[in-house]
Protein chains: 2
Amino acid sequence: MEIGYPCNMDRIDAAILKSLAADARAPVSAVAAQVGLSQSACTRRIQALEASGHVQGYGARLGHRRLGFRITALVDITLGTQVEEDLARFEAAVAQIDGVVECALVSGGQDYRLKILARDLDDYERLHREHLGRLPGVVTINSSFVLRAVPTRSEAEALFGGGR
Amino acid sequence: MEIGYPCNMDRIDAAILKSLAADARAPVSAVAAQVGLSQSACTRRIQALEASGHVQGYGARLGHRRLGFRITALVDITLGTQVEEDLARFEAAVAQIDGVVECALVSGGQDYRLKILARDLDDYERLHREHLGRLPGVVTINSSFVLRAVPTRSEAEALFGGGR
DNA sequence: TTTCCTTGGGAACGCCGATGCGCATGGGAA
DNA sequence: TTCCCATGCGCATCGGCGTTCCCAAGGAAA
């Protein structure tokens, strides 16, 4: 085990994770070539990474715009209570709303931050009126709209460093 | 072409996207069985979805916690300028920072919202001091930390509806 | 009706992925 | 040092998967 990598990981595992994060449907042989391993060794390491929870699954990156969803809203919601039961009730209600793709309880006041996808402003207005406005315990709702998504480092690069 | 779905898509395409979003490494045969198609027809539709940009790629879902990243920060940054060149300079600098996995210019004041991953609070403090604090044109930085990620509908469910 | 176009199903071939085996390397104990 | 065991890689194999043909069925337009 080398230092600088968490949990029994070395630079080869990191490279495998980067590769899979970049293209999860790439053949194992391609990943193996990229990281300098044989197919079999690479397969075994991938299986180990899946079993250990370092890889929790694989997903498709969908083109929201192309699918007709042009609005991404970042919504701050403040609750008038900090009782755990009220939070749970709020969270259960949030989980039912189509369009909410992320929701997090954050520090600094008892509030939540959501990310919401909608087709257009009308669609978002409907969502706001029919669902957000009816969430239990809400005091304030503050919506911001994404004007431009800035390209950043990928998740894997963030986790393992861009270089190295 | 049926109505209610964008851009030459029907319910089978939606089901394929849902399936791929849930498990991108699932064999095509499994996807085909799930949506009621033969392998060949399913392969063709997947290729078409990729070519049309509805699917932009495939990625791995990484276990941040397991990888040693226990801090997720949501950071609001306000700039003292709205000149496009300054924004571009800011964005270029942001793109260089390891740990920043999302960045968006949002409406309501000239500010950005970032999502940042860090190993722990010390690591975040270092990031804040060495990188965030040195970003050009910044007036205010406001950090919130994710206390709890609330499980929500998946992206595909948000886009195509939970039921149906 | 005829023709064209779209789309699905079937089969073949090539490739991919999982597993077992042998071997090399490295650390620990006598 | 020498032996031993554990770890991890590479090779070979085989079952299965994916891609790509070809053909058939259904709908639209002339």
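Only heavy atoms go into these numbers, but all of them, side chains included; no hydrogens, no water, no symmetry mates. So that the names make sense, note that chain A is the first sequence line, chain B the second, and so on, each numbered from 1.
Here A:Lys115 pairs with B:Glu102 in a salt bridge; the nearest charged N to carboxylate O distance falls below 4.0 Å. In summary, B:Glu125 and B:Arg129 engage in a salt bridge, as defined by a charged side-chain N under 4.0 Å from a carboxylate O.
With hydrogens and angles left out, the side-chain atoms of A:His64 and B:Glu155 include a donor and acceptor closer than 3.5 Å.
Taking CZ of A:Arg119 as the start and CG of A:Leu67 as the end, the distance is 9.0 Å to the nearest 0.5 Å.
The aromatic rings of A:Phe145 and A:Tyr124 sit perpendicular to each other, their planes meeting at more than 60°, with 30° as the lower class boundary.
Distance CD1 (B:Ile12) to P (C:dT6): 17 Å, rounded to an integer number of Å. Between B:Glu50 atom CD and D:dG18 atom P the separation is 13 Å, expressed in whole Å. The separation between A:Ile46 atom CD1 and D:dG8 atom P is 16 Å, rounded to whole Å. Going from atom CG of B:Asp23 over to atom C1' of D:dC17 covers 15 Å, rounded to whole Å. One interatomic measurement links the two molecules: CD of A:Gln47 to P of D:dC9, which rounds to 13 Å at whole-angstrom precision. For the pair A:Ile16 CD1 and D:dG8 P, the interatomic distance rounds to 12 Å; values are reported in whole Å. One can place CG of B:Asp13 at 10 Å from P of C:dT7, the figure rounded to the nearest angstrom. Taking atom OH of B:Tyr58 as the reference point, atom C1' of D:dG18 lies 13 Å away to the nearest angstrom.
Using modelled atom types, one side-chain atom of A:Arg153 and one backbone atom of B:Ala95 make a donor-acceptor pair closer than 3.5 Å.
The stretch residues 29-41 of chain A touches DNA chain C through A:Ser29, A:Gln39, A:Ser40, each having a heavy atom under 4.0 angstrom from the strand.
A:Leu62 is not listed as a side-chain neighbour of A:Phe69, based on a closest heavy-atom distance of 4.5 Å or more.
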Under the salt bridge (charged side-chain N to carboxylate O under 4.0 Å, His left out) criterion, do B:Asp123 and B:Arg70 qualify, and how do the steps go?
-> CA-CA 10 Å; B:Asp123 188 33; B:Arg70 316 228 302 239; over 6 Å; no

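The side chain to side chain contact (heavy atoms under 4.5 Å, CB included) test with A:Asp111 is passed by exactly one of A:Leu79, A:Val106, A:Ile77, A:Leu105: A:Val106.
With hydrogens and angles ignored, a donor-acceptor pair under 3.5 angstrom links the side chain of B:Arg44 to the base of C:dG8.
When distances run from any side-chain atom of A:Arg45 to the nucleotides D:dT19, D:dC9, D:dC17, the shortest one goes to D:dC9.
For the helix from C:dT1-D:dA30 to C:dA30-D:dT1, the axis fitted to the five pairs at one end and the axis fitted to the five pairs at the other end meet at an angle of 30° (nearest 10 degrees).
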